[in-house]
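A short write-up of the structure that comes next.
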Amino acid sequence: MTRPAHALRIAIADDEAPARSRIRDLLEDCAASMALDVAGEASNGRELIDLLQRTPADVALLDIRMPEMDGIEAAQHLRKLPDAPAVIFTTAYDSYALKAFELHAVDYLVKPIRLRRLYDALARVRSITPLPLDVLRDLAPEPRKHLSVQERGRIALVPVDRILFMRAELKYVTIRTLEGEHLLEESLTRLEQEFRDRFVRIHRSCLVARDYIDRFERGADETGEAGWVVVLRGIEERLPVSRRQQHVMKEFGRL
Amino acid sequence: MASINQNMHRDALPDFRNFGVMVRIVLIVLGLSSLAALAQAQAWGGMLDRLVRVSAAVQPALMLSLLALWAASGWLRRLPYVEGIVAIVLTELLVAAAVYQAAQALAAGNPYTGLESYWLFSLVATGTVLYYFHLRSRALSPALTEARLQALQARIRPHFLFNSINAVLSLIRQDPKRAEGALEDMADLFRVLMADNRDLCSLEREVELTRQYLSLEQLRLGERLRVEWHTEKMPVDALIPPLVLQPLVENAVYHGVEPCSEPGLVSINAYKVREEVHLVLRNSYRKQGNHHSGNKMALANIRERLVLHFDAEASLRTTVTDDAYQVHIVIPYRTQPR
């Protein structure tokens, strides 16, 4: 890793204004003996990702419990940025996360943060190796609220509750919302596991959002054979239900 | 350990105006009447007939006793335990004699030979009831001691403690005056949390404590936390178990306000209807897949303490709608500690 010549750029994400201002104060204190710049502040994970796309940073000080998108989910999406910042988690009290952090030697600071600990963490930040994605996923107690896709060099966040269906196609998964389609580089099996409560598998290669299922109809599958298709609210496209997955229709009152 | 509990335990007469106590008395006496009927009948067949005859004498006595004890409840409570027992036994003998006289006057089939049987049954029934309540208060007394510990368990979340300290730290440089106020609020809050919380406290104090707690949360959450108080009709002198309202409001903030970016509302309504104190807490709430078990723990804890203090006369109901969560507590209106 090449050592950047510029001052350390730091982004702060915390939903509580006093907590952000406290970190700013401490960073000012650090600035006395370390070259650093505050790249900006965000009050949740989504804002942080927007911020970083405009103003890149070397380090993100990331609170864990935030509305809309928590710190651990944000850390997963951040990985897709071209110049992803190193992440240092901050938390006041979160026994679940702290246990996991210890287990995986993740960098974190407990609030109230001590100047000394912040300084040390920043001093070694350039040597931090990013956490493996699966470790980050293990840290998250619940499914992500967004999926992130790379489009034209940017990260687009797609809220999971806007997704109608996900379909595996060659090496990608296509996710379909009312507005359009996105390509995602993840495995359908993993997605099925993570979003078990929201999506149901109707075909070897297709997961459908339960909330958007309108009805099941008799129709033709891709080979032209007669079978069942699912009709989703808001789109014309019919999706075939494979013979093996027909049992899911029971759940919706058909068969 | 046991000896400590016994030393701390003071024998006390049951509260004869408590609905739960009355129900228990009725059940015990009915049970005894059935036994008496069974003993007299000496066979299952004649039991029903006997029971009717026994009941004809016992029911009026029972109703009369409940009425007398209800009326004398305040006076009995001020007597020392043993004198109270003597007073109750004398009352019961009097009641039995009165019912006997009435039965004689009406000449409606007298099931027993004389006043002695009336008195005997009356003594046995009174003794059984009093012994039952004595054992019950023994059994519950460690539980009352425990109530203090439980109140501590319903304590402020560490999450709140550390975030608040963090918020106060941030104020010290920019707004030292506000930092001072916040630390004073925290001191008051923890003074209550660490106090002996076995005894009832005034509703006014609990409301004040909750206000201090909310002003600390306001510090962290700013615009995101909106609070509405409706305390115009609050009976300030009503006694409630301490730390009933504050933990519920803390739940409301943790589950209802903090997970949202948009402002969330917490409204607290305290009022009195007839002889009942109502506390209604509502908060905006966005239903999500994740349910925190912490919420249920706090509720179970408060419910348990309400039962310990008021038996069947207090209630706690929760209602969840699509966008709101409501807890409604009803407590009998009391201004004197028992």
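For clarity, every value in this text was computed on a predicted model and none was experimentally measured.
The two residues Pro67(A) and Cys260(B) have their closest heavy-atom pair at CB-C, 3.5 Å. Taking both residues in full, the closest heavy atoms of Pro259(B) and Arg65(A) are given as CG-NH2, 4.3 Å, listed atom of the first, atom of the second, then distance.
For a residue to count as touching a neighbouring chain, one of its non-hydrogen atoms must lie under 4.5 Å from one of that chain's; by this rule Ile113(A) touches chain B with the backbone only. Contacts between Asn44(A) and chain B at a heavy-atom distance below 4.5 Å involve the side chain alone, from C-beta outward. For Ala19(A), the parts lying near chain B are the backbone and the side chain together; criterion is any non-hydrogen pair under 4.5 Å.
Heavy-atom contacts from other residues, nucleotides or ligands closer than 6.0 Å to CD of Glu179(A) number more than 12. Within a 6.0 Å sphere centred on CZ of Arg114(A), heavy atoms belonging to other residues, nucleotides or ligands number 12 at most. Other residues, nucleotides and ligands contribute only 12 or fewer heavy atoms inside 6.0 Å of the OH atom of Tyr93(A). The number of heavy-atom neighbours closer than 6.0 Å to CZ of Arg198(A), taken from other residues, nucleotides and ligands shown, is above 12.
Taking chain B as the reference chain and counting heavy-atom pairs below 4.5 Å, the highest number among Ala92(A), Pro143(A), Ala17(A) is found for Ala92(A). Heavy-atom pairs under 4.5 Å with chain A were tallied for His159(B), Arg224(B), Glu258(B), Arg220(B); the largest tally goes to Arg220(B).
Within residues 167-175 of chain B, the residues that have a heavy atom under 4.5 Å from a heavy atom of chain A are Ala167(B), Leu169(B), Ser170(B), Arg173(B), Gln174(B), listed by number.
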Passes side chain to side chain contact (heavy atoms under 4.5 Å, CB included), Glu16(A) versus Asn166(B)? Steps please. CA-CA 10 Å; Glu16(A) 294 173 18; Asn166(B) 200 36; 5.7 Å; no
